[in-house]
Amino acid sequence: MHAFSRGTSSTPTVVADPPALSLPVIESAFPRQLHPYWPRLQENTRSWLREKRLMPADKVDEYADGLCYTDLMAGYYIGAPDEVMQAIADYSAWFFVWDDRHDRDVIHGRPGAWRRLRFQLHAALDSPGEHLHHRDPLVAGFADSVVRLYSFLTKKWNARFARHFHAVIEAYDREFRNRVNGTVPTVEEYLELRRFTFAHWIWTDLLEPSVGCELPTAVRNHFAYRRAALLSQEFAAWYNDLCSLPKEIAGDEVHNLGISLIHHEGLTLEEAVQDIRRRIEECITEFLDAEKDLNRFADTLADGTVHGKELSLAVKACLGNMRNWFSSVYWFHHESGRYTVDSWDDRSTPPYVNNEAAGES
């Protein structure tokens with residue numbers, strides 16, 4: 001089904017698109033989709049956040065729907081079975097809460113708390129069943145979501161997911177150290193790091209349970225598949241940077257493509273915004289070419305066998321969701337309260353965050 005033209009709440013409102021953030025090609029060439037399970041998804045994820053104590057109940061009630069975390073996932077993994085969609089949405093909501101904890105640990109000077117959390121997440125990733133009742137709600141919630149994600153495909157897929165997320169945790173640790181030291185990575189350093197902190201390969205991995213098919217290594221590693229997948233994720237990461245630049249400047253962040261361009265390339269803020277937009281627009285154009293290549297590759301997989309036909313259809317379904325990522329990310333950033341910095345009492349402190357680390361005030 002198509003989502004509302006402006007927002008996915010039951011009472012949609014018109015969102016004015018700031019010129020710097022407007023991408024007419026997305027609005028015209030990437031029709032917006034929404035998983036039909038979305039209303040239940042939103043309700044269930046809200047309940048899960050409360051149950052797992054990932055956000056205070058009052059903040060869930062006031063902010064969860066407006067943050068649009070479920071909208072983002074429901075616009076991406078179209079066609080996923082409801083239970084897969086729910087597990088992904090809960091995991092995604094957890095990821096945002098983790099990102100906020102990481103930020104607060106930096107802001108409030110809690111390196112010990114971050115170090116403990118880092119090692120606990122590594123352990124929970126390898127043995128999630130043993131961490132379901134961890135005293136830190138963030139660890140327990142992570143374990144719960146990982147147990148569910150691990151139930152859909154094979155142990156081989158689970159090991160790949162774990163390998164990719166171990167790398168994400170370590171990338172967040174590099175970000176922590178950069179922020180504590182005030183180190184702004186160069187543009188190239190940042191672009192490499194961003195592929196991990198945005199979890200490019202995690203969101204790509206999750207395409208497979210969404211279409212109910214674990215893709216062979218030769219398919220996943222084929223140039224056409226990797227290029228289309230990477231471009232969909234690069235667009236998302238860079239568009240996020242464009243939209244979050246005011247929030248991250250206000251919060252003394254050092255990790256944003258715009259900040260690296262300003263700090264290392266000597267660009268003004270306006271020039272940095274234009275440079276990011278140029279990269280984003282090139283990414284869209286390149287994806288449209290990559291989409292054709294991957295469609296042709298998918299056709300070659302249909303070799304006359306039942307398996308070949310199923311594999312071809314699975315790759316095309318993954319490609320369709322790579323395409324959905326463009327519109328879902330685009331509208332999420334226009335609608336989520338996560339980026340409405342000018343409406344916050346303190347531009348460096350999001351109103352939906354919990355400033356306490358587990359067991360600390």
Side-chain angles (χ1 to χ4, degrees), residues 29-30 33 35 72-85 87-89 91-92 95 125 146 148-168 171 191-192 194-196 198-237 283-329:
F30 292 80
Q33 306 287 324
H35 197 291
L72 176 63
M73 294 295 112
Y76 184 18
Y77 297 102
I78 304 299
D82 291 353
E83 65 273 18
V84 174
M85 188 71 260
I88 292 174
Y91 166 75
S92 171
F95 203 116
L125 186 58
V146 170
R148 291 153 66 198
L149 293 174
Y150 281 0
S151 71
F152 300 124
L153 296 176
T154 70
K155 290 183 179 179
K156 186 176 179 181
W157 184 93
N158 296 350
R160 181 182 3 129
F161 180 93
R163 183 172 68 254
H164 287 160
F165 201 77
H166 280 305
V168 171
L191 293 177
E192 180 181 0
R194 186 63 163 142
R195 292 182 178 181
F196 292 98
F198 195 82
H200 281 25
W201 302 118
I202 290 292
W203 307 119
T204 302
D205 287 338
L206 289 169
L207 291 168
E208 294 167 69
S210 297
V211 303
C213 179
E214 187 169 340
L215 300 179
T217 302
V219 172
R220 289 186 294 102
N221 288 342
H222 190 279
F223 172 76
Y225 189 89
R226 288 186 67 84
R227 181 170 179 249
L230 181 61
L231 286 166
S232 75
Q233 294 299 314
E234 299 278 57
F235 165 82
C283 195
I284 297 168
T285 300
E286 290 179 21
F287 176 80
L288 293 172
D289 288 336
E291 183 179 39
K292 296 173 186 174
D293 291 339
L294 185 49
N295 256 319
R296 284 191 288 266
F297 172 60
D299 287 338
T300 69
L301 297 173
D303 57 5
T305 66
V306 171
H307 173 71
K309 181 178 180 180
E310 290 176 347
L311 185 56
S312 175
L313 290 174
V315 170
K316 289 188 179 229
C318 288
L319 174 58
N321 282 336
M322 292 175 196
R323 163 177 269 275
N324 286 333
W325 196 224
F326 285 81
S327 59
S328 191
V329 163

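One is the number of the first residue; the rest follow in order along the sequence.
Within the structure, the side-chain hydrogen bond (donor to acceptor under 3.5 Å, both in side chains) test picks out the following pairs touching residues 72-85 (sequence neighbours left out): Tyr76-Gln233.
Separation of atoms CG (Leu319) and CG (Asn324) is listed at 9.5 Å; rounding is to 0.5 Å. Annotation: the span from Leu231 atom CG to Thr285 atom OG1 amounts to 10.5 Å, rounded to 0.5 Å. If you take CD1 on Ile78 and CD on Gln33, they are separated by 6.0 Å, rounding to the nearest 0.5 Å. Rounding to the nearest 0.5 Å places SG of Cys213 at 7.5 Å from NE2 of His307.
Checked against the 6.0 Å centroid criterion, the rings of Phe287 and Trp325 do not qualify as a close aromatic pair.
Looking at Glu286 and Arg227, their side chains come closer than 4.5 Å, going by heavy atoms from C-beta outward.
For Lys155, there are no side-chain contact (heavy atoms from CB on, under 4.5 Å) partners, not counting sequence neighbours. Annotation: side-chain hydrogen bond (donor to acceptor under 3.5 Å, both in side chains) contacts of Glu234 (sequence neighbours excluded): Arg195, His200. Under the rule for a side-chain contact (heavy atoms from CB on, under 4.5 Å), the partners of Leu313 that lie at least two apart in sequence or sit in another chain are Lys309. Residues forming a ring-ring contact (aromatic ring centres under 6.0 Å, His included) with Phe235 (at least two apart in sequence, or on another chain): Tyr239, Phe326. Applying the side-chain hydrogen bond (donor to acceptor under 3.5 Å, both in side chains) test to Arg148 and every residue at least two apart in sequence or in another chain returns Asp90, Asp144. Partners of Asp303 according to the side-chain contact (heavy atoms from CB on, under 4.5 Å) rule, which considers only residues two or more places apart in sequence or in another chain, are Thr305. Checked against side-chain contact (heavy atoms from CB on, under 4.5 Å), Arg160 has the following partners two or more places apart in sequence or in another chain: Trp157, Arg163, His164, Asp205, Glu208, Glu214, Arg220.
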Could you list the donor-acceptor pairs under 3.5 angstrom formed between side-chain atoms of residues 293-300 and any protein atom two or more places apart in sequence or on another chain?
residue	atom	partner	partner atom	Å
Asp293	OD1	Arg296	NH2	2.4
Asp299	OD1	Lys316	NZ	2.8
Thr300	OG1	Phe297	O	2.6

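Ring planes of Phe161 and Phe165: parallel class, angle under 30° (limits at 30 and 60°).
Between Met73 and Ala89, the shortest heavy-atom contact is CG-CA, 4.1 Å. Here the closest heavy-atom approach between residue Ala162 and residue Leu125 is recorded as O-CD2, 3.2 Å. The two residues Leu149 and Tyr91 have their closest heavy-atom pair at CD1-CG, 3.8 Å. The heavy-atom pair separating Arg323 from Ala29 by the smallest distance is NH1-O, 2.6 Å. The minimum heavy-atom distance between Ser328 and Leu72, with the atom names listed, is OG-O, 2.6 Å. Taking all atoms of both residues into account, the shortest heavy-atom contact from Ser210 to Pro81 is O-CD, 3.7 Å.
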